[in-house]
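To find a chain, count down the sequence lines: A is the first, B the second, and so on, and within it residues start at 1. Just the heavy atoms: all of them, side chains too, but no hydrogens, waters or symmetry mates, feed the values below.
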Amino acid sequence: MPELPEIETIRRGLEPLLTGRTLTGAVARVASLRRPLAGDLGRRLTGAVVGAVERRGKYLLLRCSTGTLILHLGMSGHLHLVERGTAPGRHDHLDLLVDADAVLRLTDPRRFGTVLWTGEDPLHHPLLAGLGPEPFAAALSGTYLEEKARGRRLAVKSFLMDQKTVAGIGNIYASESLFVAGIDPRRPVSALTLQEHDRLCAALRTVLAEAIALGATTLDDFSRPGGKPGYFDLRPRVYGRAGEPCTVCGAAILTLRQGGRASFFCPFCQS
DNA sequence: AGTGCGGCCTGTCCGC
DNA sequence: TGCGGACAGGCCGCAC
């Protein structure tokens, strides 16, 4: 569910709450989420002091003195820092104990999340090693996209959602970026010109930066029970707006399915 | 190798 | 009001 801007917002919210604190155990209420939870997770992370809260694509990384906790929130995951002793709800599957008084609680109704502990460099973990560049890194450019697209026939929308292309883009921001760039989501990606790849690169940064700025307004919700920090009230240009008027030309927004996912676009502003 | 699809889970919404 | 089915902002593993 959450894409890069939501994860970045969560990262910014957690950073001041967790940095310098010590993990003191874990309480798992299910055996697995998307993949099995390590049975000895609590033992392995006990005593780890949180040094930094980082993000790579849609993954959160709690860099600690003795290793790194890798978290992925899947489609429905939430994190809250609550007081020790707060009664868990139905979908509160994992508690990470923080010092003697707090709990970092993972709520995830669909259980598509992932939680791993590694003593190695997390960026070399198989799940993260193949990720494409961060959208705001200099490594991402129109030239990079053009090279990555060379010889490939898949639709540009699916190309954008592939985490090996760019890290962190999901279904919403793929549609939104293509609208801002004026590119039809059905185009075979190798057919885009360098100029179009440049526009796409700029559009990705525009929509992500907007969403991150919007997310900053939700940071106060972070430790409020029931609050949903990082899940903010987006005003999409096209996503979810099938049949509604295009904000630029007024034509009806169209929807179609690509790779099993809904795409939204304006048939006149995107070509 | 690149591509598309099914499956994982539960909640919600829509049409009948 | 109840029910079935489709769908949901993700990702992996598999078959072609």
Those residues that, when tested against A:Val50, pass side chain to side chain contact (heavy atoms under 4.5 Å, CB included) (two or more places apart): A:Leu18, A:Leu23, A:Val53, A:Cys64
Listed partners of A:Arg29 passing side chain to side chain donor-acceptor pair (under 3.5 Å), at least two apart: A:Asp95
Spacing of the P atoms in B:dC9 and C:dC3 (rounded, Å): 25 Å
Residues that A:Phe264 engages under ring-ring contact (aromatic ring centres under 6.0 Å, His included), provided they are two or more places apart: A:Tyr239
B:dT3 phosphate, OP1 or OP2, under 4.0 Å from A:Arg152 side-chain N/O: yes
Salt bridge flag under 4.0 Å for residues A:Arg21 and A:Asp99: yes
Report, one pair per line, the protein and nucleotides 13-16 of chain C atoms (nitrogen or oxygen only) whose separation is under 3.5 Å.
none

Length of the CZ-C1' vector between A:Arg261 and C:dC11, whole Å: 9 Å
Secondary structure string for DNA chain C (Watson-Crick or G-U under 3.5 angstrom, | for other-strand pairs): .|||||||.|||||||
For A:Phe268, all residues meeting side chain to side chain contact (heavy atoms under 4.5 Å, CB included), sequence neighbours excluded: A:Cys249, A:Ala251, A:Cys266
Pairing of A:Arg11 and A:Glu54 as salt bridge, 4.0 angstrom limit: no
same_hphob_cluster(A:Leu81, A:Leu61) at 4.5 Å side-chain heavy-atom cutoff: no
A:Gln163 side chain near C:dG10 phosphate (N/O to OP1/OP2, under 4.0 Å): no
Within residues 119-132 of chain A: residues closer than 4.0 Å to DNA chain B (heavy atoms): none
Letter per nucleotide, 5' to 3', of nucleotides 4-16 of chain B [B base touched, S only sugar-phosphate touched, - untouched; heavy atoms, 4.0 Å]: S--BBBBS-----
Expected list for residues 111-130 of chain A: side-chain donor-acceptor pairs under 3.5 angstrom, two or more places apart:
residue  : atom : partner  : partner atom : Å
A:Thr118 : OG1  : A:Glu120 : N            : 3.0
A:Asp121 : OD1  : A:Leu123 : N            : 2.9
A:His125 : ND1  : A:Leu127 : N            : 3.0

Pairs touching residues 129-161 of chain A that satisfy ring pair (Phe, Tyr, Trp, His ring centres under 6.0 Å), sequence neighbours left out: none
Just list the side-chain donor-acceptor pairs under 3.5 Å for residues 206-216 of chain A, sequence neighbours left out, or say none.
residue  : atom : partner  : partner atom : Å
A:Thr206 : OG1  : A:Ala202 : O            : 3.0
A:Glu210 : OE1  : A:Arg237 : NH1          : 3.2
A:Glu210 : OE1  : A:Arg237 : NH2          : 3.4
A:Glu210 : OE2  : A:Arg237 : NH2          : 2.8

Pairs flagged by ring pair (Phe, Tyr, Trp, His ring centres under 6.0 Å) wherever residues 33-64 of chain A is involved - sequence neighbours left out: A:Tyr59-A:His72
Proximal nucleotide (of C:dC12, C:dG10, C:dC7) relative to the A:Tyr59 side chain: C:dC12
